[in-house]
> 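Dumping the structure here so I can ask a few things about it.
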Number of protein chains: 2
Amino acid sequence: MKTRPYHHGDLRAALLALAEDTLRDRGPAELSLRELAREAGVSPAAPSRHFKTKQALLDALAVEGFERLTGTMTGVLERAGASFAERLTALTRTYVSFATGNPALLELMFSRKHEPNPPAELITAMQGLMTMATDLIEDGQRRGEVREGPIVMAAVPLAAILQGMTDLALSGGFTGEQVDEGLTETIAFILRGYAP
Amino acid sequence: MKTRPYHHGDLRAALLALAEDTLRDRGPAELSLRELAREAGVSPAAPSRHFKTKQALLDALAVEGFERLTGTMTGVLERAGASFAERLTALTRTYVSFATGNPALLELMFSRKHEPNPPAELITAMQGLMTMATDLIEDGQRRGEVREGPIVMAAVPLAAILQGMTDLALSGGFTGEQVDEGLTETIAFILRGYAP
DNA sequence: ACCTGAACACCGTTCAAGT
DNA sequence: ACCTGAACACCGTTCAAGT
């Protein structure tokens, strides 16, 4: 049998995993570095070697979330059809599925959006997701399935509707089936809006 | 000249005003009850008579925000034209204007959306805003300017796009002029989506 | 009714010191 | 390099006591 990693092996990864757990079932307000340290079996000062500050840990968690989401999306796109409608549907379903599966993490991922100095790593991770949206639209425009216009402006409604759809799925008390129907409706709305 | 209100007059209102100030220019994370008490010139325990907990103060602030926003919107609607396009434009501009003027407050207003037990007052205040959106759409449907369909589902894209537009205006580093153009684009997108 | 003073159990962060 | 122990300056909240 394996012994526990000597002197706490990979504390950084352990802290991230524990943080995601408490984030998931007790919310970000309840997250305490000292408590994380206790759960990991280290002293209160130990985490500071890996995350200079509590915010740094939260940022690292957010980056991890973006990477997981964009990774999944990339995989899904490879298996999806070529039309704008098919690719939009595939990405939308992936996004909403991630959101309903990791609501607190998703909120954390976007929580630093309006703040003055988001760390470079987080900006990069966020842009990765934004790029998937703009690529989707540009591809649709090339295929003549999406009306012309500035890409950034076109990406806003898409991103926004996804967030809104997600909110409804999370807090609306809907069944999985209802969310699925709503998704179809929403995608139809977007397609009409983008129609040439 | 007026003397300062005896024994701190309306501490409740004073705390709310001070809280909104620090929320505006230092963010919600920096908000401390003890500091608010210091600024108001009372003991650390004094606020607890008016707000049992820090969250209660934040909730009260959020409720105040919703009331101010819906109040302004109602006034604007009275002066707006009758067509769906006109009323949608009027409400959208009012919303984005409030959002860019009170970004931190707006975020606070929606921050308890996903949490388990939002206080009844906050739910009511949020529903007031939601009702304005659904009323707008129902009115458009009655006039034959908006396609038929479940109102809730139709309100999601609207609310979502507004939030998304707001995000872009806040964190995109756009000029007022650019936001204005973007708004026109966005409204056009919504109108196409809703077209019968 | 409204507020004070003092206390309790926590925080995040720092820093010398250990291994 | 990584962690401990102890300390510092703060929290939110509670509760007897004052006016």
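Protein chains get the first letters and strands the later ones, always in sequence-line order, with residue 1 at the start of each.
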> Looking at A:Ser48, does any N or O in its side chain come under 4.0 Å of the phosphate oxygens OP1/OP2 on C:dT14?
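For C:dT14, OP1/OP2 do not have a side-chain N/O of A:Ser48 under 4.0 Å.
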
> What is the distance from CZ of B:Arg12 to C1' of C:dA1, rounded to the nearest Å?
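Value for this atom pair: 15 Å.
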
> How long is the line joining CG of A:Leu33 and C1' of C:dT14, in whole Å?
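Roughly 14 Å, once rounded to whole Å.
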
> Searching all strands shown, indicate the nucleotide that pairs with C:dG12 (Watson-Crick or G-U wobble; both distances under 3.5 Å).
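For C:dG12, the partner nucleotide comes out as D:dC8, under the 3.5 Å rule.
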
> With a 4.0 Å cut-off on N to O distance, would you call B:Asp180 and B:Arg93 a salt bridge?
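Here B:Asp180 pairs with B:Arg93 in a salt bridge, since their nearest N and O are under 4.0 Å apart.
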
> Find the distance A:Glu30:CD to C:dG12:P and express it as a whole number of Å.
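Those two atoms, CD and P, are 12 Å apart.
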
> Could you tell me the separation between the NZ atom of B:Lys52 and the C1' atom of C:dC2, rounded to a whole number of Å?
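Rounded to the whole Å, the gap is 16 Å.
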
> Between C1' on C:dT14 and CZ on A:Phe51, what's the gap in Å once rounded to a whole number?
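Checked: the CZ to C1' distance equals 18 Å.
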
> Rounded to whole Å, please give me the gap between CD in B:Gln55 and P in D:dG12.
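These atoms are roughly 12 Å apart.
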
> Decide, yes or no, whether a salt bridge links A:Asp21 with A:Arg24 under the criterion of side-chain N to carboxylate O below 4.0 Å.
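No, no charged N to carboxylate O under 4.0 Å.
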
> Determine: side-chain N/O of B:Ser32 to OP1/OP2 of D:dC11, distance under 4.0 Å, yes or no.
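Yes, such a contact exists.
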
> Quick one: is A:Arg38 getting a side-chain N or O under 4.0 Å of the C:dC11 phosphate, OP1 or OP2?
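True: A:Arg38 side-chain N/O within range (under 4.0 Å) of C:dC11 OP1/OP2.
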
> Let me know the distance between CG of B:Leu11 and P of C:dT4, rounded to the nearest Å.
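Taking CG of B:Leu11 and P of C:dT4, I get 8 Å after rounding.
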
> If you compare all heavy atoms of A:Ala45 against all heavy atoms of A:Ser48, which two are closest, and at what distance to 0.1 Å?
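Where A:Ala45 meets A:Ser48 most closely, the heavy atoms are O-OG, 2.9 Å.
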
> If you check the A:Thr53 side chain, which of C:dT13, C:dG5, D:dT13 turns out closest?
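Looking only at heavy atoms from C-beta outward on A:Thr53, the closest nucleotide is C:dT13.
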
> Does the structure show a Watson-Crick or G-U wobble partner for D:dG18, both distances under 3.5 Å? Name it, or say none.
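Matched D:dG18 with C:dC2 under the 3.5 Å cut-off.
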
> Could you please name the option among D:dC11, C:dC11, D:dT4 that lies closest to any side-chain atom of A:Glu35?
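Of all the options, the side chain of A:Glu35 is nearest to C:dC11.
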
> Measure the spacing between CD of B:Gln178 and CD of B:Glu185 and express it to the nearest 0.5 Å.
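Separation between the atoms: 13.0 Å.
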
> Quick one: the side chain of A:Arg49 and the base of D:dT4, do they pair up donor-acceptor inside 3.5 Å?
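By the distance-only test, no, there is no pair.
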
> Where the side chain of B:Ala46 is concerned, which of C:dT13, C:dT4, D:dG12 is the nearest nucleotide?
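Closest nucleotide among those given: C:dT4.
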
> Would you confirm whether the ring centroid of B:Phe110 sits within less than 6.0 angstrom of the ring centroid of B:Phe66?
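B:Phe66 vs B:Phe110: aromatic centres under 6.0 Å.
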
> Both A:Arg34 and A:Val42 contact DNA chain D. Taking the nearest nucleotide for each, which residue is further toward the 5' end?
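So the residue in question is A:Val42.
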
> Please state how far atom NE2 in A:His50 lies from atom P in D:dC2, giving the value in whole angstrom units.
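Atom-to-atom, A:His50 to D:dC2, this comes out as 6 Å.
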
